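Structure record follows, encoded as structure tokens.
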Amino acid sequence: MANFNTLDDLGDIKGKIVFIRADLNVPAKNGVVTDTTRIDRFAPTLTTLADKGAKVIVTSHFGRPDGEKKPEFSMAFIVPELEKATGKTITFVDDCIGPKVDEAVANMKDGDVIMLENLRFYAGEEENDAEFCKTLAKGVDIYVNDAFSTAHRAHASTAGMAQYVPMRVAGRLMQAELEALDKALGNPVHPVAALVGGSKVSTKLDLLGNLVKKVDYLLIGGGMAHTFLAAKGIPMGEGSLVEPAMIDTAKEIMANAGNCKIVLPTDLIWAEEFGEGQEPHVASVDALPAGKVLLDIGPEATALFIETLNECKTLIWNGPVGAFEIKPFDTATNAIAMAVSELTKEGKLTSVAGGGDTVSALKKAGVKKDLTYVSAAGGAFLEWMEGKQLPGVKVLEK
């Protein structure tokens, strides 16, 4: 894991100007926040800094305004929720650079908090423009990145501006993410399992190639398992999600797995059609009926996956093993989630999960809070699992 500073390394910061890059790109409808998870998880960083007497500047992006000032993407509506989560009075500034910001910062007292307007109102943010970086960094004493979910993007506020600031540290949420990920893949307790689901091998090719080098067991579910089964010579039929162009790649991954044992489903659940109310049927992978839709792994495969996890000390999970959105094709994902929950609560397993569908599946199964750590990041979590260097993490290295 990269050696990085945290809020605990700052010492006396009273009167210091602290720029925080948060991720407050929250779900919203009609100007109302519908899920405060990102706000709640960010709150400890803000309160820690403000309580120490720093002059705190909170920044983020919201939506995709494409470098233009569009009122519908203003972040003003987030301020009340952030005040509620932190117990702090927060002054909103309707710009992120320029005279309004300069004046607001000049008028700040120790412990004050201001929140700037959407960073993506300026094209320089996503372009990582040098002048925009320097403008954001002007007068800033400490740069805090608390937005792991945007750490895979080399934007001005996530990476570029940091080089113009004397001190760079990870916020509480960033710190928690990096420490959890280190436990999962950086310096894990073996045996280590990776459970990967989802529909396509093509979207997770780099991920699978990296994991077989680092884990002891690679459990593959979801539609991507169909391609691996086809690569083993098993006829999958029209109702599968086999990617013909990826069959040779799947063969290569299996051939180069080394000491990593790849675990594939031994049976699958099929139905006549995709959708609610369909009757589930179980079939061995070598006896799949033609023309049926494959929607989940079967009970034998579920038991095999859980049995494998019982032998492991660490798990990293990305992707459900079936069409978890539709009952009863959430059965296998729910069963595995419950098993992971119990193993974690018993202290037998360090479990780290991430990715949008994975988080939704864990929440649906009612076990999200039971795992060791659940990352709210999507692309950044995936790229980290792929072994890629994240710009927003690299800038925090000592």
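All of these numbers come straight from a predicted model, not from anything done at the bench.
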Between K292 and the options E272, E279, E273, the salt bridge (charged side-chain N to carboxylate O under 4.0 Å, His left out) test singles out E272
Check the side chains of T36 and D40 for a donor-acceptor pair under 3.5 angstrom, ignoring hydrogens and angles. yes
Applying the 4.5 Å side-chain criterion to the ILVMFWY set and letting contacts propagate, would L304 and L343 be lumped into a single cluster?
yes
Handout entry: side-chain contact (heavy atoms from CB on, under 4.5 Å) assessment of I269 paired with V282
Key = CA-CA 5 Å; I269 303 294; V282 182; 3.5 Å; yes
Do Y373 and E179 get their side chains close enough for a donor-acceptor pair, meaning under 3.5 Å?
no
Original post:
Got V18 and K55 here, is their nearest side-chain heavy-atom distance under 4.5 Å?
Top reply: no
When rounded to the nearest 0.5 Å, the distance separating CD of E346 from OG1 of T344 is 9.0 Å
inquiry  = So does G67 get a backbone contact from the side chain of E126, meaning a donor-acceptor N/O pair under 3.5 Å?
reply    = no
- [ ] Please answer whether the main-chain N or O of G63 pairs with a side-chain N or O of N25 as donor and acceptor at a distance below 3.5 Å.
- [x] yes
On a heavy-atom basis, the closest approach of L24 and S60 is N-OG, 2.8 Å
Output for pair (M236 CE, L288 CG), nearest 0.5 Å, gives 5.5 Å
- Side-chain touch L136/L119, heavy atoms, less than 4.5 angstrom: yes
* Could you tell me whether the side chain of D146 and the main chain of R172 form a donor-acceptor pair under 3.5 Å? => yes
query = If only atom types and distance count, is the side chain of N210 paired as donor or acceptor with the main-chain N or O of L207 below 3.5 Å?
reply = no
Check your understanding: Quick one: do M115 and M108 end up in the same hydrophobic cluster if we chain Ile, Leu, Val, Met, Phe, Trp and Tyr together by side-chain heavy atoms under 4.5 Å apart?
Key -> yes
So ring pair (Phe, Tyr, Trp, His ring centres under 6.0 Å) across residues 239-274, not counting sequence neighbours, yields W270-H281
- Given side-chain contact (heavy atoms from CB on, under 4.5 Å), test I336 with L309 step by step and report yes or no. CA-CA 9 Å; I336 293 169; L309 294 179; 4.1 Å; yes
Please tabulate, one pair per line, all N/O donor-acceptor pairs under 3.5 Å involving side-chain atoms of residues 378-392, not counting sequence neighbours.
from	atom 1	to	atom 2	distance (Å)
E386	OE1	K388	NZ	3.1

### Message
With a 3.5 Å distance limit and no angle check, can you tell me whether N118 reaches the backbone of F62 through a side-chain donor-acceptor pair?
### Response
yes
Aromatic contact, F324 with F329 (centres under 6.0 Å):
no
Counting distance only, does the side-chain N/O of T314 pair as donor-acceptor with the main-chain N or O of V189 below 3.5 Å?
yes
ask   = Under a 4.5 Å side-chain heavy-atom rule over Ile, Leu, Val, Met, Phe, Trp and Tyr, are M224 and V293 clustered together?
value = no
Validation row: H226, L268 side chains within 4.5 angstrom (heavy atoms) | yes
Using a 3.5 Å distance criterion without hydrogens, assess whether the side chain of N256 forms a donor-acceptor pair with backbone atoms of E252.
yes
Close side-chain approach of F4 to L178, heavy-atom, < 4.5 Å: yes
Could you tell me whether a side-chain N or O of S351 sits under 3.5 Å from a main-chain N or O of T372, the two making a donor and an acceptor? yes
Note: P265 and L229 closest approach over all heavy atoms is O-CD2, 3.7 Å
Is the count of non-hydrogen atoms from other residues, nucleotides or ligands lying under 6.0 Å from N259 atom CG greater than 12? no
Any side-chain to backbone donor/acceptor pair from D35 onto P27? Under 3.5 Å, distance only. no
inquiry  = What I want to find out is whether K100 reaches D94 closely enough, with some N-O distance under 4.0 Å, to be called a salt bridge.
reply    = yes
### Side chain to side chain, Y122 and K69, heavy atoms closer than 4.5 Å
yes
Do D267 and S284 meet the criterion of a side-chain donor-acceptor pair at a distance under 3.5 Å?
no
- Item | V58 vs L46, side-chain contact (heavy atoms from CB on, under 4.5 Å): CA-CA, chis, key distance, verdict | CA-CA 8 Å; V58 178; L46 190 157; 3.5 Å; yes
Are D95 and L116 side-chain neighbours, meaning at least one heavy-atom pair lies under 4.5 Å?
no
To the nearest 0.5 Å, atom CD1 of I316 lies from atom CG of L181 at 6.5 Å
- So does K88 have more than 12 non-hydrogen atoms from other groups sitting under 6.0 Å from NZ? yes
K183 meets the side-chain contact (heavy atoms from CB on, under 4.5 Å) criterion, sequence neighbours left out, with T350
Which atom pairs, one a donor and one an acceptor, fall under 3.5 Å between side chains of residues 73-85 and the rest of the protein, sequence neighbours left out?
from	atom 1	to	atom 2	distance (Å)
S74	OG	A76	N	3.3
S74	OG	E117	OE2	2.8
E83	OE2	I90	N	2.8

Between V321 and A332 the two heavy atoms that sit nearest each other are CG2-CB, 3.7 Å
Does I13 form a side-chain contact (heavy atoms from CB on, under 4.5 Å) with L49? I'd like the steps, not just the answer. CA-CA 8 Å; I13 57 172; L49 293 165; 3.6 Å; yes
Discussion item. Counting neighbours of NZ on K364 that are heavy atoms of other residues, nucleotides or ligands and sit closer than 6.0 Å, is the number greater than 12?
Written reply: yes
Value for CZ (F19) from CG (D141), rounded to nearest 0.5 Å, stands at 13.0 Å
Review point. Do the non-hydrogen side-chain atoms of F42 and T45 ever get within less than 4.5 Å of each other?
Key: yes
Taking every heavy atom of M246 against every heavy atom of S202, the minimum-distance pair comes out as SD-CA, 3.8 Å
Exercise. May I ask you to say whether K70 pairs ionically with E72, meaning some side-chain N is under 4.0 Å from a carboxylate O?
Key: no
Checklist entry - Does the distance from a Lys or Arg side-chain N to an Asp or Glu carboxylate O, for D112 and K109, drop under 4.0 Å? => result no
In sequence, state the C-alpha distance, the side-chain angles, and the governing distance for Y217 and E311, and then conclude on side chain to side chain donor-acceptor pair (under 3.5 Å). CA-CA 10 Å; Y217 297 94; E311 298 176 7; 3.1 Å; yes
Please examine the side chains of T249 and L205, heavy atoms only from C-beta on, and report whether any two atoms are closer than 4.5 Å. yes
In terms of heavy-atom contacts, A257 and I262 come closest through CB-CD1, 4.0 Å
In short, V192 meets V215 closest at the heavy-atom pair O-CB, 3.6 Å
(Q) Please check this pair: side chain of N318 against backbone of G354, looking for a donor-acceptor N/O pair closer than 3.5 Å. (A) yes
Taken in chain and number order and not counting sequence neighbours, the residues that satisfy salt bridge (charged side-chain N to carboxylate O under 4.0 Å, His left out) with D66 are none
Open item on the list: With a sphere of 6.0 Å drawn around CD of E103, does it hold more than 12 non-hydrogen atoms of other residues, nucleotides or ligands?
Closed with: no
message = What I want to find out is whether D12 reaches K52 closely enough, with some N-O distance under 4.0 Å, to be called a salt bridge.
response = no
Contacts under 3.5 angstrom, residues 157-165 side chains, donor-acceptor by atom type, not counting sequence neighbours:
from	atom 1	to	atom 2	distance (Å)
S157	OG	R21	NE	2.7
S157	OG	E125	OE1	3.3
S157	OG	E125	OE2	2.7
T158	OG1	R153	O	2.5
T158	OG1	H155	N	3.0
T158	OG1	H155	O	3.3
Q163	NE2	G160	O	3.1

